[in-house]
Amino acid sequence: MGKQKTKRYAAMKRMIGPKDQRLKEKDRAKAPEKTKVDPSALKEREVTKYPSCLFFQYNTQLGPPYNILVDTNFINFSIKAKLDVVQSMMDCLYAKCIPCITDCVMAELEKLGLKYRVALRIAKDPRFERLPCTHKGTYADDCLVQRVTQHKCYIVATVDRDLKRRVRKIPGVPIMYISNHRYNIERMPDDYGAPRF
């Protein structure tokens, strides 16, 4: 028996070089042409536009009556803490509050089933304002972030850490959350009723 040919590992396939004579002119790789940068030319930069309602981080559009965008888990945790949503909001801000619920949040509550039927009944309260959604899908977090980015007149009420992190990146939007069996608010200068820790 003769010597068997062993397969060499990591052996590269032999390829024709880009400047080989056997290649036709149209198939040859062309060297990238370097363009000279004119130092006297004006440089265009994209500057992010900030809304006129912001004075640095202070939002001038926020004022009573406050419109508060409510998230799904905020209602659930309010029930757990035995808090009346509208009354507790007024205790926190010392002003009239209008809780707003988007179609996405309502859809999420309906999807949760019978276990969360109390939350659904609270969300259908006539004191809550319904906001229609025009986008596709029913992911409430994206819907709330998009709405808050477009219109800076809302306070976001949520207990969700990821949503809080996303909203903190948007300037001038306060966040309402639950701590020690009462509502608290962050990033808002006029929170007269909010507890001080």
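Side chains included, hydrogens not; waters and symmetry mates left out as well; all remaining heavy atoms used.
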Quick one, [X] and [Y] - any side-chain contact, counting heavy atoms below 4.5 Å?
| X | Y | value |
| --- | --- | --- |
| M106 | K124 | yes |
| V86 | C97 | no |
| L163 | D71 | yes |
| M176 | V70 | no |
| C92 | R182 | no |
| Y58 | R187 | no |
| H135 | C143 | yes |
| N73 | T158 | yes |

Using 0.5 Å steps for rounding, measure from the [atom1] atom of [X] to the [atom2] atom of [Y].
| X | Y | atom1 | atom2 | value |
| --- | --- | --- | --- | --- |
| L93 | I155 | CG | CD1 | 5.0 Å |
| Y139 | D141 | OH | CG | 4.0 Å |
| L120 | N76 | CG | CG | 10.5 Å |
| D191 | Y66 | CG | OH | 8.5 Å |
| I98 | F128 | CD1 | CZ | 12.0 Å |
| I79 | I122 | CD1 | CD1 | 3.5 Å |

Flag if over 12 foreign heavy atoms under 6.0 Å of CZ, R117: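 For R117, atom CZ is not crowded (no more than 12 foreign heavy atoms under 6.0 Å).
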Positive for side-chain contact (heavy atoms from CB on, under 4.5 Å) with V173, one of V167, V145, L62: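 That would be V167.
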Sequence neighbours excluded - salt bridge (charged side-chain N to carboxylate O under 4.0 Å, His left out) pairs with any residue from residues 142-164: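 Applying salt bridge (charged side-chain N to carboxylate O under 4.0 Å, His left out) to every pair that reaches into residues 142-164, excluding sequence neighbours, yields D142-R166, D162-R165.
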Salt bridge (charged side-chain N to carboxylate O under 4.0 Å, His left out): pairs with one or both residues in residues 82-110, sequence neighbours excluded: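 As it turns out, the salt bridge (charged side-chain N to carboxylate O under 4.0 Å, His left out) pairs with a partner in residues 82-110, which skip direct neighbours, are D84-R127, D103-R130.
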For the student: nearest non-hydrogen atoms of [X] and [Y], plus distance:
| X | Y | result |
| --- | --- | --- |
| C53 | T60 | O-OG1, 2.5 Å |
| G172 | N59 | O-ND2, 2.9 Å |
| M188 | I185 | SD-CD1, 3.6 Å |
| A95 | P64 | CB-CB, 3.7 Å |

Sub-6.0 Å ring centroid separation between Y183 and F74: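 Aromatic pair counts; centres sit under 6.0 Å.
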Y192: hydrophobic cluster co-members (side-chain, 4.5 Å):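 Y94, which link up through side-chain heavy atoms under 4.5 Å apart, make up the rest of the cluster.
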Candidate pair L69 and L131, rule side-chain contact (heavy atoms from CB on, under 4.5 Å), full reasoning: CA-CA 9 Å; L69 278 176; L131 301 173; 3.6 Å; yes
side-chain contact (heavy atoms from CB on, under 4.5 Å) between Y177 and V159, worked out: CA-CA 6 Å; Y177 59 96; V159 194; 5.6 Å; no
Evaluation steps, side-chain contact (heavy atoms from CB on, under 4.5 Å), between I178 and N184: CA-CA 6 Å; I178 303 168; N184 203 344; over 6 Å; no
